[in-house]
Protein chains: 2
Amino acid sequence: MEDPGWEPRRLAAVSAVLPEGVTPPGTRGRILEAGLSVFAEAGFAGGSIRQIAGVVGINSATLYAHYPSKSHVLAELVRVGHQELHSRLAEALAGAGDRATGQLAALVRAQVLVHADYPLLAVVTNDELHALSPELAAPALELRSRCRRMLLDVLELGVKDSDFALPDILMAAGAIGAMGLRVAYWFGPDQPYTREQVADGYAEFALRLAGAH
Amino acid sequence: MEDPGWEPRRLAAVSAVLPEGVTPPGTRGRILEAGLSVFAEAGFAGGSIRQIAGVVGINSATLYAHYPSKSHVLAELVRVGHQELHSRLAEALAGAGDRATGQLAALVRAQVLVHADYPLLAVVTNDELHALSPELAAPALELRSRCRRMLLDVLELGVKDSDFALPDILMAAGAIGAMGLRVAYWFGPDQPYTREQVADGYAEFALRLAGAH
DNA sequence: GTCTATAATGCGATAGAC
DNA sequence: GTCTATCGCATTATAGAC
């Protein structure tokens, strides 16, 4: 395959930012940031160790002093992405009161905001997870399962309390989750909305979808 | 990178089926089908010409008698995927009457059904489009733009006729489109729904989201 | 921890016989 | 249209000096 002569772009141009706290310090963190940039651009299979090392400004061999393989770089990115999502959802839920309407709005708002704040991380986390071995993917899958559980529990509570009118909770969870996930792909500084406006709008959509009254 | 020893899987196991009519006949069609299977499994960058040829049962060199490059195989897949979506949406809209409520339900139903019928094609079409050069991606992008236009027009009509109550049409289109797109990733024969049940459920969700009454 | 050098492999694509 | 054989190159990862 000859040189393409063009830049493959999956999303609106944004910088490869990682959330504080869950990101490792020093060179490890810089490699992770470079890996995010490269994998977001070319995918896991399409991006190379040499490209990542080039972005960091180190030799490709040096990278192996920090990560044992290319897969482990992706695995840590996927872990960080899921961890940030999970902690934000849990925090939102904790401060949302005991009514299902408030809880659902808080969950959707948090999901939208995290996807708007870290779009590259969200895309890599979701689109490249399949490239990991079951062992390396397991921690992320566990966190994803807990996120899904939170949403299902809120929907179930809402139906029980007659705050929601939903014939099927599973289908609704799929639809609501899809809405927020996709924000990472189109939201950016070029859009005529602030992140808060999207979060509020999508929370309202979710409440309507759930038949809240 | 050593042999992984496991099978990367992006979706529930389904066969690589292509829609009739828009798919080329003969060996060209069999290559396209094999390409769909390989790209869905490993992505465009991760799948190889040799793998595709192996699935077809021909030598890798023979493939170049039918497609000039690996990119052209993906380009035709992406074109077929967008063409099938566009024709199904247009057909649905044509038979949906002149009220926005019926039109929106028909569009969402059609979108869900095409994603449920051709999940592998939908995933490749959406996740690997970015790997194509602007020239090869252009026909698909044009079709995508027209699909989006259909949805926006229906939402606009509904607001004008007061059938819908929507503060923002663009955001609603993003949310509704995301719902249906994501069906390709989770729907399968293992789910407790028929394709019709999902289509009906999601059409109802879209109407609620739009504030239909 | 960082480098140079390289091993071992797989890749896309082409040449040329049939 | 299909094959065998191969070119030229990029890849992941390692060995070993400093």
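Proteins come first, then strands; the chains are lettered A, B, ... in the order of their sequence lines, and each starts at number 1.
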Let's see if you can work this out: which of [options] has an atom nearest to the side-chain heavy atoms of [X]?
X	options	answer
A:T27	C:dT2, C:dA15, D:dA13	C:dT2
B:Y64	D:dT2, C:dA13, C:dC3	C:dA13
A:H66	C:dT2, C:dT14, D:dT2	C:dT2
B:T62	D:dC3, C:dT4, D:dT6	D:dC3
B:A65	D:dT2, D:dT4, C:dT4	D:dT2

Expressed in angstrom and rounded to an integer, what is the separation of [X] atom [atom1] from [N] atom [atom2]?
X	N	atom1	atom2	answer
B:Y67	C:dT14	OH	P	17 Å
A:R28	C:dT2	CZ	C1'	17 Å
A:N59	D:dG16	CG	P	17 Å
A:L63	D:dT11	CG	P	14 Å
B:I58	C:dA13	CD1	C1'	14 Å
B:I49	C:dA13	CD1	P	6 Å
B:K70	D:dA10	NZ	C1'	13 Å
A:Q51	D:dC9	CD	C1'	15 Å

Self-check item: Lys/Arg N to Asp/Glu carboxylate O, A:D117 vs A:R88, below 4.0 Å
Solution: yes
Quiz item: Between B:S48 and B:Q51, is a side chain to side chain contact (heavy atoms under 4.5 Å, CB included) present by the stated rule, with each step listed?
Solution: CA-CA 5 Å; B:S48 76; B:Q51 284 176 309; 3.3 Å; yes
Quiz prompt | C:dC11 OP1/OP2 closer than 4.0 Å to side-chain N/O of B:S48 | solution = yes
Quiz item: Does a distance-only test, which skips hydrogens and angles, find a donor-acceptor pair under 3.5 Å between the side chain of B:R50 and the base of C:dG10?
Solution: no
Quiz item: Base, sugar-phosphate alone, or nothing: which one does B:G47 contact when heavy atoms must sit under 4.0 Å apart?
Solution: sugar-phosphate
Self-check item: A:E91, CD: over 12 other non-hydrogen atoms inside 6.0 angstrom
Solution: no
Quiz item: Just by modelled atom types, is the B:T194 backbone N or O under 3.5 Å from a matching donor or acceptor in the B:Q197 side chain?
Solution: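 Between the backbone of B:T194 and the side chain of B:Q197 there is a qualifying donor-acceptor contact (under 3.5 Å).
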Practice problem: Please answer whether the main-chain N or O of A:H66 pairs with a side-chain N or O of A:R28 as donor and acceptor at a distance below 3.5 Å. | Solution: yes
